[in-house]
Student: 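Structure below; questions to follow.
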Amino acid sequence: MSDDLVELRARYDRLHLLHEVDKVIHSTLDPQEALRLILEQAVMVMRAASGSVALINPNTGFLEIQASKGLPANASALKLRVGEGITGWVAVKGEPVRSGDVTQDPRYVKARDNVISELAVPLVVNGELRGVLNVDADRRDAFSAGDQELLAALAISAARVIQNTWLFEQLRLKARLFETLASVARTINSALNVNEALHVITRESCRIVRAKMCSLLMLDETREWLELRSSYGAGEAYLRKPRLSVADSLLGTVVRRRKPVQVENIQTSNRYQSTEIARREGLISLLSVPLLFAGKAIGTLNVYLGEPHKFSDEEVRILSMLAELSAIALEKARLYERVVDVEEQLRQNEKLSALGLLAAEVAHEIRNPLTVMKMLYHSLDLRFPAADPRNEDARIIGEKMEHLNKIVEQILDFARTTEPKLSAVNLNELIEEMGLLVRHKLRNLNIQFTQNLAADLPVIMADATQLEQAFLNLILNAAESMPQGGKLSVVSRAVHLPRASDLPTHVAVEFTDSGAGMTPEQQRRLFSSFLTTSKPKGTGLGMAIVGRVVETHRGKVKVRSAPGRGTTMTVLLPV
Ligand code: ADP
Ligand code: MG
């Protein structure tokens with residue numbers, strides 16, 4: 001055969017090989033598997049003894065062996081700085097190196113004994129130098145110029161595969177992220193228990209950034225200390241760690257500056273204090289993002305990895321999203337707790353009011369006979385001879401009656417001081433705020449809650465606290481009349497009385513429920529007899545309070561109700 005023919009034959013063989021290799025390495029979408037296949041094909045085609053694919057880690061800048069063949073097990077731990085070794089040199093220059101005798105090459109760094117020849121070509125993915133593909137042999141001058149050409153061609157093909165798998169991997173991550181966010185959001189909405197929601201968030205934070213541990217710290221009431229609220233993957237040492245001072249801890253700065261902070265290695269960083277715990281628990285890199293609510297930092301969400309790592313913008317964004325969800329979960333729990341508080345307070349108020357009313361009534365009942373006694377006493381005009389001790393007795397009786405009278409007057413004064421403290425009140429805002437408070441409870445009671453608020457509602461002069469108390473009573477009564485669930489609507493509108501008047505004269509707030517309703521007899525006694533109730537835990541005071549509050553506002557309560565047909569309570573207040 002002529003030399004030309006040999007050359008042609010060799011070229012054909014190479015093309016054929018490449019085609020075969022292409023088919024094999026395109027058979028997977030898994031990045032790690034693709035690299036393994038690429039290397040396997042390269043070593044086979046080159047008739048090499050060993051080889052490796054090393055990629056530049058953009059986070060650390062090191063050249064890391066991602067797949068190897070024929071190398072000792074510890075070779076994959078070999079990390080070269082870019083520029084170090086023959087592969088390192090290729091990773092800097094972007095040019096291939098073909099060495100027939102590495103022992104004569106000062107750049108060479110040994111990955112295994114007996115290597116004599118090495119061939120290394122750059123991996124350029126999407127126009128960027130991202131790694132090195134290299135093969136070794138135990139013979140001198142093992143690789144020809146043709147081999148080099150072939151490996152370079154293989155590297156181009158491999159780069160395409162690598163890029164595809166990376167894109168696919170990214171999409172998979174994104175899909176997973178959305179799945180996680182959706183599932184976390186779902187959990188928050190369904191979980192009554194905030195601890196459960198926070199547990200899911202710390203767990204998913206770990207999974208999504210492949211962290212070893214995740215913790216959520218919350219500010220205490222003084223805003224001076226950060227306390228552990230929830231964690232996933234934390235060991236004993238971390239869990240027993242004392243609270244952190246906001247003023248002088250690294251996580252404190254996250255709260256103070258309301259900005260994420262990351263540390264590549266907390267075990268060696270002097271910004272991180274608990275290095276001892278980090279060492280014991282194998283925590284190395286840290287990313288911490290603030291939990292923000294209404295522009296204020298209320299805590300931090302932190303992930304710790306078991307290796308040095310530079311967190312990408314994407315990772316910071318993901319953790320921030322999870323932090324946002326945490327803040328929502330916490331706020332929701334806080335609102336819920338407030339509802340329970342308010343309810344408790346209401347019961348307390350009802351009892352206090354009952355005592356107040358009772359005291360006033362008793363005082364009133366005492367005053368009348370007391371007045372009579374006083375009158376009679378003075379008309380008796382008791383006088384005894386100067387030395388008679390009864391003079392003194394009479395004086396004491398008079399004095400004690402005055403004392404009694406004073407006490408009675410004081411009690412009556414006190415009962416009269418329920419005068420409202422008036423200020424301009426936007427009823428819609430008040431109703432909306434209450435809606436936030438009761439929405440959760442109503443949903444749990446299976447009650448569909450709607451609001452229909454008039455946009456043109458005039459502002460009225462009123463005592464917001466008293467009105468809130470009255471409205472809350474109406475809502476609770478409505479809810480209690482629907483033990484199996486139902487509908488509750490709150491409607492506000494401007495009212496013109498007389499109808500012809502230009503400007504609205506009143507504001508009406510209507511509470512309509514689909515509950516049990518009331519008989520005419522029940523309705524008649526609704527406000528008057530305040531110690532009657534149809535509920536085992538009721539006080540029978542709620543409506544008495546509503547009646548009094550509305551009365552002191554010079555308003556009216558209208559009741560429309562029928563057994564089994566629900567109830568509408570309309571509160572009419574003057575503008
Ligand atoms: P309590 O709630 O402690 O029973 P209230 O003064 O709030 O006391 O109400 C007195 C009674 O009026 C209730 O026990 C109930 O029988 C009746 N009632 C009040 N509001 C409603 C309503 N929306 N639907 C049906 N019954 C109601
Ligand atoms: Mg009540």
Side-chain angles (χ1 to χ4, degrees), residues 338-361 415 418 430-431 434-435 437-452 465-493 508-553 555-573:
R338 214 179 123 203
V339 175
V340 176
D341 272 5
V342 166
E343 239 180 292
E344 184 52 37
Q345 219 178 347
L346 199 64
R347 294 234 173 275
Q348 209 58 33
N349 276 349
E350 282 187 3
K351 280 193 198 129
L352 281 179
S353 303
L355 283 179
L357 286 171
L358 204 64
E361 211 143 291
T418 47
L430 189 137
I431 294 168
M434 285 187 28
L437 283 179
V438 297
R439 179 162 295 143
H440 190 81
K441 180 189 166 75
L442 293 179
R443 195 183 311 133
N444 280 348
L445 292 170
N446 218 357
I447 293 169
Q448 197 186 328
F449 182 59
T450 54
Q451 289 175 347
N452 195 348
T465 319
Q466 285 189 2
L467 283 187
E468 204 174 78
Q469 200 185 9
F471 290 179
L472 213 47
N473 265 312
L474 293 175
I475 291 176
L476 289 179
N477 276 346
E480 283 158 1
S481 77
M482 303 183 276
Q484 318 294 348
K487 286 180 187 159
L488 170 59
S489 80
V490 180
V491 176
S492 73
R493 58 192 156 78
V509 185
E510 263 178 10
F511 299 81
T512 303
D513 64 53
S514 60
M518 283 175 277
T519 61
E521 170 66 8
Q522 272 178 310
Q523 289 176 48
R524 203 178 50 74
R525 304 194 320 173
L526 195 55
F527 301 100
S528 54
S529 55
F530 63 76
L531 287 174
T532 59
T533 175
S534 60
K535 303 161 197 169
K537 280 176 101 180
T539 61
L541 265 170
M543 288 308 296
I545 291 173
V546 171
R548 237 185 35 188
V549 166
V550 174
E551 214 171 290
T552 54
H553 282 80
K556 278 200 171 64
V557 186
K558 283 196 260 174
V559 186
R560 263 203 339 253
S561 183
R565 308 275 294 273
T567 302
T568 297
M569 300 265 189
T570 307
V571 176
L572 205 64
L573 297 166

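Indexing begins at 1, ligand by ligand and atom by atom, following the structure's order. All values reported here derive from a predicted model rather than from experimental measurement.
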Student: Measure the distances from the heavy atoms of Gly517 to every atom of ligand 1 and state whether one is below 4.0 angstrom.
Tutor: yes

Student: For Met518 versus Ser561, what's the shortest heavy-atom pair and its separation?
Tutor: N-OG, 2.8 Å

Student: When you measure from the heavy atoms of Asp513 to every atom of ligand 1, does any distance fall below 4.0 Å?
Tutor: yes

Student: Under 4.5 Å between any side-chain heavy atoms of Gln466 and Arg548, yes or no?
Tutor: no

Student: Does any N/O atom on Leu526 come nearer than 3.5 Å to any N/O atom on ligand 1?
Tutor: no

Student: Enter the distance from Asn473:CG to Phe511:CZ here, rounded to the nearest 0.5 Å.
Tutor: 10.0 Å

Student: Please work out whether any backbone atom (N, CA, C, O) or any side-chain heavy atom from C-beta onward of Met543 is under 4.0 Å from ligand 1, and answer side chain, backbone, both or neither.
Tutor: both

Student: Would you give the length of the straight line joining atom CG of Asn477 to atom CG of Leu526, rounded to the nearest 0.5 angstrom?
Tutor: 8.0 Å

Student: So if I count the atoms of ligand 1 from 1 in the order they appear, which ones are less than 4.0 Å from some heavy atom of Gln522?
Tutor: 16 (O)

Student: Strictly under 2.8 Å, is any N, O or S atom of Asn477 next to the Mg ion (ligand 2)?
Tutor: yes

Student: Using the test side-chain hydrogen bond (donor to acceptor under 3.5 Å, both in side chains), find all partners of Glu468 that sit at least two apart in sequence or belong to another chain.
Tutor: none

Student: For ligand 1, which atoms have a heavy atom of Met569 less than 4.0 angstrom away?
Tutor: 20 (N)

Student: Has Asn452 got a side-chain atom pairing as donor or acceptor with Val491's backbone, closer than 3.5 angstrom?
Tutor: no

Student: Could you tell me, atom by atom, which parts of ligand 1 come under 4.0 Å of a heavy atom of Glu480?
Tutor: 2 (O)

Student: Say whether, by atom type as modelled, one donor and one acceptor occur between the side chain of Thr568 and the main chain of Arg560 under 3.5 angstrom.
Tutor: no

Student: Which of the numbered atoms in ligand 1 are below 4.0 angstrom from a heavy atom of Ser481?
Tutor: 24 (N), 25 (C)

Student: Is Ala478 close enough to touch ligand 1? Criterion: a residue heavy atom under 4.0 Å from a ligand atom.
Tutor: yes

